[in-house]
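Accompanying notes for the structure given below.
Here the structure is a predicted model, which means the values were calculated and not measured.
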Amino acid sequence: MASLVQHVAGLACPPLSGASRRPGAPMRPSALVCGTYVLSKDEKERERMRTLFDEASERCRTAPMEGITFSPEDLESAVETTDIDTDIGSLIKGTVFMTTSNGAFIDIQSKATAFLPIDEACLLDIDNIEEAGIRPGLVEQFMIIDENPNDETLILSLQSIQQDLAWERCRQLQAEDVVITGKVIGGNKGGVVALVEGLKAFVPFSQVSSKTTAEELLDKELPLKFVEVDEEQGRLVLSNRKAMADSQAQLGIGSVVLGTVESLKPYGAFIDIGGINGLLHVSQISHDRVADISTVLQPGDTLKVMILSHDRERGRVSLSTKKLEPTPGDMIRNPKLVFEKADEMAQIFRQRIAQAEAMARADMLRFQPESGLSLSSEGILGPLSSDTAQEEGLPTDE
């Protein structure tokens, strides 16, 4: 290096462009400065990585299997011997990794491809598979229901599993004889179709407590009880009347309840009394004759009615406002007064019923003098007095 510097030190270099020299000034030799280029730390690291990459690339090109003991044949054999049951009807655990407009692809840790169609995603009818909660990353248990012969893709289902659980739940509810709620989603001439536990159930019109049409019941929720649960035949039959009968069991004859007029018919008015439909017959509206019900009642009116009777099996309740009139004809002339005096008049009615029943029992006891009971002037049964016994010619304890 020193010799090189000495060699070039004596060379004359021309002046830089634009430089000027005084006339007559002697020329001086120029010095050449030489050095080495130093790499930064980051540049050294990039250079090292570039070298490693070139070496790895060369190995992949010339000896791709060098140092690898697991061959492609070994991998194929391991996949084939993986213990996964892919028979139709088997349950298999999988992870959703992609969804489409038609369904979802499922990773089942097998070489076989698995697909969940949208119509097998749940019991309900949906337009988008995400409505059933199917999203990438979801881990779930699926049922294998078919195999596509063209590409050997396994067809999976969640609906089949949910159906089995729903039928089991319906059998349990039927055994417990409980009241459930079903939403009406359709109907025909014979009855309505209600959605119960995700299954479609049939409710015949003969088992609907009120006289109505399928169109009037559409989208309404009905209290129901199970009549028939037959999974093999696919028959699920329910009754609204039986469900109503349970509620009606709490309604005592002579009790007063608040109701709302639902509809008017020539023969009477249907009254909603807390989810139960009762009939207020035209003859039970008032002591006075009612020629036109609409002159007395209108749909939406709130009134108090008395329970006259109820048929639990048929789910029918008979009502009356006639028994609540302080004076005959008040429901026509002054319905507000009937509303205000309803509880008081019902109490009087119940007392009269109790007195009539007591008198009827007393009449029966007249043929059984050994009972030792008699009826007071207020209609109350009590011990037979000595005076009464003497009048009847009966023996006394005296």
Side-chain angles (χ1 to χ4, degrees), residues 177-179 181 205-212 217 220-225 239-290 293-294 296-361 379:
D177 196 34
V178 298
V179 176
T181 300
F205 279 127
S206 62
Q207 294 298 322
V208 178
S209 60
S210 61
K211 292 185 178 180
T212 184
L217 292 175
K220 289 187 177 180
E221 293 189 346
L222 297 178
L224 302 167
K225 291 189 75 171
S239 171
N240 172 245
R241 288 190 181 279
K242 287 191 173 183
M244 291 292 96
D246 276 8
S247 301
Q248 293 164 12
Q250 303 175 1
L251 301 176
I253 295 176
S255 60
V256 175
V257 294
L258 193 66
T260 303
V261 179
E262 279 201 333
S263 61
L264 302 179
K265 304 293 181 181
Y267 50 84
F270 284 100
I271 313 296
D272 178 9
I273 49 176
I276 301 173
N277 270 329
L279 174 63
L280 176 61
H281 195 269
V282 63
S283 63
Q284 286 296 329
I285 295 178
S286 176
H287 283 84
D288 289 357
R289 181 176 179 273
V290 178
I293 300 176
S294 63
V296 183
L297 300 172
Q298 286 294 322
D301 286 352
T302 300
L303 68 164
K304 287 183 178 179
V305 292
M306 176 185 287
I307 308 296
L308 286 185
S309 66
H310 63 84
D311 184 339
R312 296 180 185 178
E313 289 299 322
R314 302 177 68 183
R316 294 180 178 178
V317 181
S318 297
L319 308 173
S320 175
T321 53
K322 175 180 177 178
K323 305 296 184 184
L324 303 178
E325 288 183 320
T327 56
D330 281 342
M331 267 303 291
I332 299 174
R333 296 187 301 269
N334 191 358
K336 183 178 179 181
L337 178 64
V338 178
F339 188 96
E340 294 172 352
K341 295 288 185 178
D343 295 310
E344 179 183 337
M345 296 305 298
Q347 179 65 25
I348 295 173
F349 176 80
R350 287 191 292 268
Q351 289 175 353
R352 290 174 180 171
I353 293 295
Q355 185 175 3
E357 290 176 349
M359 293 181 70
R361 289 195 298 270

Checking Thr321 side chain against Ile285 main chain: does a donor-acceptor pair fall under 3.5 Å? yes
Taking the side chain as every heavy atom from C-beta outward, state whether Thr327 and Arg333 have any atom pair closer than 4.5 Å. yes
For residues Ser239 and Lys242, report the shortest heavy-atom separation together with the two atoms involved. OG-N, 3.0 Å
Can you tell me how far apart CG (Leu258) and CG (Leu303) are? Round to the nearest 0.5 Å. 7.5 Å
Rounded to the nearest 0.5 Å, what separates atom CG in Leu224 from atom OG1 in Thr181? 7.5 Å
Where do Lys265 and Phe270 come nearest, in terms of heavy atoms and distance? CG-CE1, 3.7 Å
With a 4.5 Å cut-off on side-chain heavy atoms, are Val338 and Pro326 touching? yes
From CG (Asp288) to CD1 (Ile332), nearest 0.5 Å: 5.0 Å
Indicate yes or no for a side-chain donor-acceptor contact from Asn240 to the backbone of Pro223 under 3.5 Å, with no hydrogens or angles considered. yes
Give a yes or no on whether Arg352 atom CZ has more than 12 heavy-atom contacts from other residues, nucleotides or ligands under 6.0 Å away. no
Is any side-chain heavy atom of Asp343 closer than 4.5 Å to a side-chain heavy atom of Lys304? yes
Distance check, rounded to the nearest 0.5 Å: Leu308 atom CG versus Phe349 atom CZ? 6.5 Å
Compare all side-chain heavy atoms of Asp177 with those of Lys225 and state whether any distance is below 4.5 angstrom. yes
Identify the two heavy atoms, one from Lys322 and one from His287, that lie closest to each other, and give their separation to 0.1 Å. O-CE1, 3.0 Å
Nearest heavy-atom neighbours spanning Ala346 and Val256: CB-CG2, 3.2 Å
Value rounded to 0.5 Å, distance of CG in Leu324 from CD1 in Ile348: 10.5 Å
I need the Leu297 CG to Ser263 OG distance, nearest 0.5 Å. 11.5 Å
Are the side chains of Glu325 and Ser286 in touch, meaning some heavy atoms are under 4.5 Å apart? yes
For a 4.5 angstrom cut-off between non-hydrogen side-chain atoms, does Leu319 reach Ile307? yes
Heavy atoms of Ser206 and Arg241 approach each other most closely as O-NE, 2.9 Å
Using 4.0 Å as the upper bound for N to carboxylate O, is an ion pair formed by Lys341 and Asp330? no
Of all the heavy-atom pairs spanning Leu264 and Ala269, show the shortest one and how long it is. CD2-CB, 3.7 Å
